[in-house]
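Computed from a prediction, not measured in an experiment: that's the story for all the values here.
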Amino acid sequence: MTIRDIAKAAGVSAATVSRIINHKDENISEETRRRVLQIIEEHEYVPYAKVRDRLLQSNRTIGVILPSLGSPFFASFIEHIQTLAASDNYTLSLYLTQNRPKLEEQAILHFLDIHALGILYFPESDNGIAALKHSQDQLRSAVLMDCETPEFPFPQVYRDFFNIAKTGTTALLKQNNRRLVLLLSGEGSFRVHEQLADGYREAMLSYGITPDDSTILKADDSFHTAFEQLTDAGIDGVICQNAYLTSEVYCIASRKHFLIPSDLSVLCLEDSISLEQLLPPVTAIRTDISQMAKTAYHTLLSQINAKKNVFPSQTAAFSLIQRRSIQAHKEFATKIMIAGSLNMDITLKVPHLPHMGETLLASHLDYWTGGKGANQAIGVSRFGANAYMLGRLGIDPYGRQLYEQLSNENVDMQGVSFVNSHPTGTAYITVQGNGGNTIVVNPGANATLTPSYVAENQALFSGVLYCLVQMEIPFPSVEKIFEICGQMNIKVILKPSPAQILPPAILQELFLLVPNQEEMAVLCPNENTPEMQARTMLSKGVQNVIVTLGDKGCIYVNHEGTMHFDAYPYPSVDSTGASDIFISCLAAQLANGCDMKKAIELSTLAASFSVSKEGVQNAILNREMLYDLYEKKFSISVNQIEE
């Protein structure tokens, strides 16, 4: 029997029969279609055997639309769905869209064309989502996977990418990793990327760190260059979206001779067997793929079986799998910002400090790299914490010398820039025989450390525990620094030099105020003793006050009481910068976990020793020597000091 014979028997045209056989019968009545198919089946029309098989197959077909099978997650998901479908005698039909939006639309049309019972769809773009929505009247069932879309006609089962990224990022932050990078795949759903980035940002903000968008990288052609630049800048942790990116990070780390996890902690947001095989095995977020597949499959079947259930959006369970790719980075938990002056100190040795109208002849002239900011930054670095400098230099020999000196001392100089309009700051210091001194400062480029410059460098404050501030920079900039530190829960230690009355907004945000007696007299002119002056500061909102008393040591005052600390009996040669050394040592010890009492004892020792040598920066002990002196493992004699 031919098509013409069938047409004659059914009383229709051959074209009508052809359209019915080829499923192009949208405009043909159901009665005509049924009559033609009955005649075909009764006469066992040979081509119809293929049509019948196709129809029978389509009646038990479930379509799955995936971007690819390259992801271990998708491969595992398909394996679970295949097992579930086979147990119910359903046929699984897989369509790979290769991350091409046009193919997503074609995939949906394909499954409509073969009358698939239902579709499990992992969208990569809005095109396919719109096509699925427009096809709701033609589809018996569908489940939108890995995409939460409000007011969508089909149920949704998805991974909670926001909380997955937040959990992974928090795992690194809990281990004191602070300078983190999020690596996203080069392809994939922009919705997924947005949720991962938002979860990363939320975790960072919860730790008082404002994330810089430059730390969220997408794996495109420029990925390797950008990532290597970030590793050179000192990142200590990486969160990878998938296993492929994780292996790339391991390769880059190996090439740059980074050790995982001692130099770089790594975490993957999508677990796979390959992550267990890397050395060291990678800590990862594991989604319960089996349960997710079951949820999606049974949600689809409920629709196929016309059960009138309400299908709320459902998230897949996940957990953190601890392996060995994360380690606590204590050194980055000791990040200290120093915002202040960078000067060339020009020191004159004189028989005594000059009086009004007096002319003296200097016996000696020295040039020292200095400025309170530079002194404190080098001190912080030598005393065992990470120093980050915020300041300005002139484009001149002094500026280049200062920049080189601080860089050689391992001070992070990302926050330091050169200006054409001003020379590098200079300080003119006269020192008399007993170490007493006077200082006159020409701010120079320090005057260009403006509030706007501080704001431009706000990202550098991420992860900072303490910020050391002096007042040799414009006071509005000091106020801006306090504003940023208040927002980011950073403890501020202020040296009020040169002294001036401080506004309430600063006093109420101040963790520690460290004036000398002269500065305290300016701050509290109505009180006579250092202790009473300190208590006045406490009453105005300051949390802690240390008043330095020269060769008499210092007093520490807080709401619990007052403690006095004696200076160590080193001979006084040059007291310049002793307070800078005291403050930098104190901040480093506190950041490294010292209690306040021991931190002050160590700082008093460091400052006492410093006055026994000329200059400031060459008088700063390193951490090991300071602790050895403190624990009396050895002593330094006067003769050794003079040498």
Of N343, N446, V478, which meets side chain to side chain contact (heavy atoms under 4.5 Å, CB included) against E472?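 Filter result, single survivor: N343.
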In L449, T450, T448, V454, the residue satisfying side chain to side chain contact (heavy atoms under 4.5 Å, CB included) with I473 is L449
Side-chain donor-acceptor pair present, [X], [Y], cut-off under 3.5 Å:
X	Y	value
Y630	D628	no
R392	S417	yes
Q517	Q533	no
T548	N516	no
R535	T562	yes
T347	D345	no
D396	T424	yes
T215	Y200	yes
T438	T430	yes
D412	Q414	yes

Is the CG atom of L361 crowded by more than 12 outside heavy atoms at less than 6.0 Å?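 No, CG of L361 has 12 or fewer neighbouring heavy atoms, counting only those of other groups under 6.0 Å.
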Taking atom CD as the centre, does E560 end up with more than 12 heavy-atom neighbours from other residues, nucleotides or ligands that are less than 6.0 angstrom away? no
Please find the pair of heavy atoms, one from [X] and one from [Y], that lie closest to each other, and give the distance.
X	Y	result
L523	I501	O-CD1, 3.9 Å
I490	V464	CG1-O, 3.4 Å
A599	Q589	CB-CB, 3.8 Å

Begin with the C-alpha distance, continue with both residues' side-chain angles, and end with the deciding distance and a verdict on side-chain contact (heavy atoms from CB on, under 4.5 Å) for S477 and Y453. CA-CA 8 Å; S477 302; Y453 183 78; over 6 Å; no
When you measure from the side chain of [X] to the backbone of [Y], do you find a donor-acceptor pair of N or O atoms at a distance under 3.5 Å?
X	Y	answer
Y250	P280	yes
N177	L173	no
S603	L586	yes
S608	Y568	yes
S584	I581	yes

Not counting sequence neighbours, which residues clear side-chain hydrogen bond (donor to acceptor under 3.5 Å, both in side chains) with N489? List them please. none
To the nearest 0.5 Å, atom CG of N622 lies from atom CZ of F383 at 8.5 Å
What's the spacing between I338 CD1 and M389 CE if we round to 0.5 Å?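 Interatomic distance, I338 CD1 to M389 CE, rounded to 0.5 Å: 6.5 Å.
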Is there side-chain contact between [X] and [Y], with at least one heavy-atom pair below 4.5 Å?
X	Y	result
L267	T169	no
L465	K335	no
F461	I209	no
I493	V469	no
V547	V557	no

Under the ring pair (Phe, Tyr, Trp, His ring centres under 6.0 Å) test, which residues partner H352, sequence neighbours left out?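 H352 satisfies ring pair (Phe, Tyr, Trp, His ring centres under 6.0 Å) with H355 only.
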Apply side chain to side chain contact (heavy atoms under 4.5 Å, CB included) to [X] and list each qualifying residue two or more places apart in sequence or on a separate chain.
X	answer
K597	M563, F565, D595, E601
T170	K166, K174, A203, Y207
F418	L393, I395, Y403

Of all pairs that satisfy ring-ring contact (aromatic ring centres under 6.0 Å, His included), the ones with a partner from residues 485-528, not counting sequence neighbours: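 Those involving residues 485-528 are Y466-F511.
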Classify the angle between the aromatic ring planes of Y367 and Y398 as parallel (below 30°), tilted (30 to 60°) or perpendicular (above 60°).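 Ring orientation of Y367 relative to Y398: tilted.
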Would D580 and K372 pass as an ion pair if we require N to O under 4.0 Å? yes
The test is side-chain contact (heavy atoms from CB on, under 4.5 Å); show your working for I336 and Y388 and say whether it passes. CA-CA 6 Å; I336 296 174; Y388 288 72; over 6 Å; no
